Amino acid sequence: MSDAVRILPQEAREKVRSGQAVLVCAYADDAKFARYHLEGAIPLSAFQATVGELAKDLEIIFYCN
């Protein structure tokens, strides 16, 4: 069962800018990340490499185009 919730782009942007969330571009392919990433997003590979170091109260927002 998933706890996924859709949010508006404006809400995501504000959460990332305020440091409440991390924005993850959910493409495993680095070329797709380069082409489709949004400002402030990190690639899926970077998220996977650092997931254990993220603050426990940080919201994680995944997206793909």
Side-chain angles (χ1 to χ4, degrees):
M1 185 166 154
S2 172
D3 291 337
V5 176
R6 289 185 182 259
I7 63 173
L8 296 172
Q10 299 86 346
E11 183 180 356
R13 184 179 310 117
E14 289 305 315
K15 287 182 175 191
V16 171
R17 285 184 179 164
S18 69
Q20 297 174 10
V22 62
L23 184 61
V24 180
C25 182
Y27 288 115
D29 182 289
D30 289 336
K32 284 187 178 181
F33 172 79
R35 184 171 181 190
Y36 297 115
H37 78 278
L38 300 175
E39 179 183 341
I42 63 170
L44 183 60
S45 59
F47 170 74
Q48 291 170 327
T50 60
V51 69
E53 302 168 14
L54 296 175
K56 300 295 181 203
D57 62 343
L58 189 63
E59 187 172 349
I60 301 165
I61 303 171
F62 289 94
Y63 79 93
C64 60
N65 299 16

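Worth saying up front: this structure is predicted, and the values here are computed from it rather than measured.
- To the nearest 0.5 angstrom, Leu58 atom CG is 10.5 Å from Lys15 atom NZ.
- By the 6.0 Å contact criterion, CD on Glu39 is open, its count of non-hydrogen atoms from other residues, nucleotides or ligands being 12 or less.
- Other residues, nucleotides and ligands contribute at most 12 non-hydrogen atoms within 6.0 Å of the NZ atom of Lys32.
- Note that CG of Leu23 and CZ of Arg13 are 10.5 Å apart. Values are rounded to the nearest 0.5 Å.
- With Leu44 as the fixed residue, the side chain to side chain contact (heavy atoms under 4.5 Å, CB included) test singles out one of Phe62, Phe33, Tyr27: Phe62.
- Residues Ile61 and Ala21 share a closest heavy-atom pair of CD1-CB, 3.7 Å.
- Between the NE2 atom of His37 and the OH atom of Tyr63 there is a distance of 7.0 Å, given to the nearest 0.5 Å.
- Taken to the nearest 0.5 Å, the CG atom of Asp57 stands 9.5 Å off from the CD atom of Gln20.
- A distance of 11.0 Å separates CD in Glu14 from CD1 in Ile7, rounded to the nearest 0.5 Å.
- The minimum heavy-atom distance between Asp30 and Ser45, with the atom names listed, is OD1-OG, 4.0 Å.
- Note on Val16: it does not cluster hydrophobically with Ile60, by side-chain heavy-atom contacts below 4.5 Å among ILVMFWY residues.
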